[in-house]
Amino acid sequence: MHFKNADTARQTALQSKMHFVTVQKYFEKFRNNIALYSDEMYQLNRHRVTDYDEYLYLPRSLNIKENIDKLQHFLTLSYDETIYNIMMPKTKQSLLHMEHDKGHKLMMKYLKFNTISKLSKSQNIITKFWDYFEEFICRYKGVSNEKFIFYLKEAEWRFNIRQKSKIK
């Protein structure tokens, strides 16, 4: 019930009087199942994709010049008012570990000129998801690189449920 209501593991542990680690393990299982479900649904509907665009996420509290290696890079696709995200590979470490200014300039140039997108209109379901994701992820005080995909998939799942309830 707590996960469905979008409570954090900490909130749930305090309200339910369960140990935080126990709650966190349950939430991780839920997120893993959501990621698997999301992939299954995408495989069934991949031929229906109409729009896609790249997104670079960096927590608002971080400066891009100093934290370019912490960028999370994903591709967002849409079909029938449904969102699906694919994590893109991390940038090669050799680009990030060059002389700081040279590496930063090279990375910014790469990010500016190497984007993938096909959007039928500028304000669409994908940009709505990105706005939603930015608010969603702020509730969590730092997500590790290894766990990021699961939080992204949770946001995707919650957003898709909201979209379906709006349509009904």
Side-chain angles (χ1 to χ4, degrees), residues 3 6 8 28 30-98 102-168:
F3 186 84
T8 64
E28 284 178 13
F30 295 148
R31 288 186 183 105
N32 286 338
N33 288 338
I34 287 169
L36 292 171
Y37 173 78
S38 172
D39 286 345
E40 286 175 23
M41 291 297 101
Y42 173 71
Q43 292 304 321
L44 293 172
N45 295 287
R46 67 179 179 247
H47 62 282
R48 299 162 71 188
V49 169
T50 54
D51 290 331
Y52 49 88
D53 201 357
E54 282 182 280
Y55 193 68
L56 297 168
Y57 169 74
L58 184 69
R60 294 176 186 161
S61 61
L62 299 179
N63 178 319
I64 192 163
K65 285 186 178 184
E66 297 166 7
N67 297 285
I68 200 158
D69 59 323
K70 293 187 174 110
L71 278 172
Q72 296 289 351
H73 184 195
F74 53 93
L75 181 63
T76 304
L77 303 99
S78 69
Y79 60 91
D80 301 334
E81 297 297 305
T82 301
I83 291 296
Y84 179 77
N85 291 286
I86 299 171
M87 288 296 296
M88 302 301 281
K90 284 282 192 187
T91 308
K92 288 189 175 187
Q93 293 297 316
S94 58
L95 283 178
L96 300 174
H97 287 58
M98 286 181 157
K102 186 177 179 183
H104 175 71
K105 286 178 186 173
L106 187 59
M107 177 60 105
M108 294 307 286
K109 187 176 180 180
Y110 168 81
L111 294 174
K112 183 176 181 181
F113 294 110
N114 292 291
T115 60
I116 303 167
S117 92
K118 177 191 173 267
L119 299 173
S120 53
K121 53 189 173 190
S122 62
Q123 185 64 2
N124 60 34
I125 192 86
I126 291 175
T127 55
K128 288 177 187 174
F129 170 75
W130 291 342
D131 291 341
Y132 174 82
F133 177 76
E134 286 282 345
E135 291 304 314
F136 168 85
I137 200 71
C138 283
R139 297 178 28 221
Y140 303 97
K141 308 292 188 244
V143 175
S144 70
N145 286 338
E146 297 80 29
K147 304 274 185 195
F148 183 83
I149 183 67
F150 298 106
Y151 287 84
L152 176 62
K153 290 298 180 179
E154 179 185 346
E156 174 186 306
W157 175 73
R158 291 184 187 287
F159 181 82
N160 287 337
I161 288 173
R162 280 182 40 184
Q163 288 304 112
K164 285 180 176 83
S165 68
K166 284 180 185 178
I167 292 170
K168 289 178 184 178

Exercise for the section: Quick one: list whatever passes ring-ring contact (aromatic ring centres under 6.0 Å, His included) with Phe3, sequence neighbours left out. Expected result: Phe27, Phe30
Exercise for the section: Kindly compute the distance separating CZ (Arg31) from CD (Glu154), expressed to the nearest 0.5 Å. Expected result: 4.0 Å
Fill in the blank from the handout: Hits for side chain to side chain contact (heavy atoms under 4.5 Å, CB included) against Ile161, two or more places apart or cross-chain, chain-then-number order -> Trp157
Practice task
Let me know which of Arg46, Glu40, His47 forms a side chain to side chain donor-acceptor pair (under 3.5 Å) with Gln43.
Solution key: Arg46
Handout entry: Glu156 and Ser38: side chain donor to acceptor below 3.5 Å
Key = yes
Practice task
Kindly say whether Ala6 contributes a backbone atom to a donor-acceptor pair with the side chain of Arg139 at under 3.5 angstrom?
Solution key: yes
Fill in the blank from the handout: By ring-ring contact (aromatic ring centres under 6.0 Å, His included), Phe159 pairs with (sequence neighbours left out) Phe129, Tyr132
Exercise for the section: Quick one: pull up NE2 in His73 and CG in Leu56 and give me the separation to the nearest 0.5 Å. Expected result: 5.0 Å
Problem - Any residue meeting side chain to side chain contact (heavy atoms under 4.5 Å, CB included) with Tyr57, in chain and number order, not counting sequence neighbours - result: Tyr55, Pro59, Gln72, Phe74, Phe133, Glu134, Ile137, Phe148
Handout entry: Gap separating the CG atom of Asn160 from the CE atom of Met41, nearest 0.5 angstrom
Key = 11.5 Å
Handout entry: For Thr76, the option from Thr127, Ile125, Asn85 that meets side chain to side chain contact (heavy atoms under 4.5 Å, CB included)
Key = Asn85
Completion exercise
In this structure, CD1 of Ile83 is separated from CZ of Arg162 (nearest 0.5 Å) by 12.0 Å
Problem - Side-chain ion pair, Glu135 and Arg60, N-O less than 4.0 Å - result: yes
Exercise for the section: Quick one: closest heavy-atom pair of Asp53 and Leu75, and the distance? Expected result: O-CD1, 3.5 Å
Exercise for the section: Please round to the nearest 0.5 Å and tell me the distance separating atom CG of Leu44 and atom CG of Asp39. Expected result: 11.0 Å
Practice task
Report the distance from atom CG of Leu152 to atom CD1 of Ile149, rounding to the nearest 0.5 Å.
Solution key: 5.0 Å
Fill in the blank from the handout: Sorted by chain and residue number, the side chain to side chain contact (heavy atoms under 4.5 Å, CB included) partners of Asn32 (sequence neighbours excluded) come out as Phe150
Handout entry: Working for side-chain contact (heavy atoms from CB on, under 4.5 Å), residues Ser78 and Asn124
Key = CA-CA 9 Å; Ser78 69; Asn124 60 34; over 6 Å; no
Exercise for the section: Apply the test side-chain contact (heavy atoms from CB on, under 4.5 Å) to residues Leu77 and Ile86: give CA-CA distance (whole Å), side-chain angles for both, the deciding distance (0.1 Å), then the verdict. Expected result: CA-CA 8 Å; Leu77 303 99; Ile86 299 171; 3.6 Å; yes
Fill in the blank from the handout: Residues passing the side chain to side chain contact (heavy atoms under 4.5 Å, CB included) test with Lys147, sequence neighbours excluded, are Glu28, Val143, Ser144, Tyr151
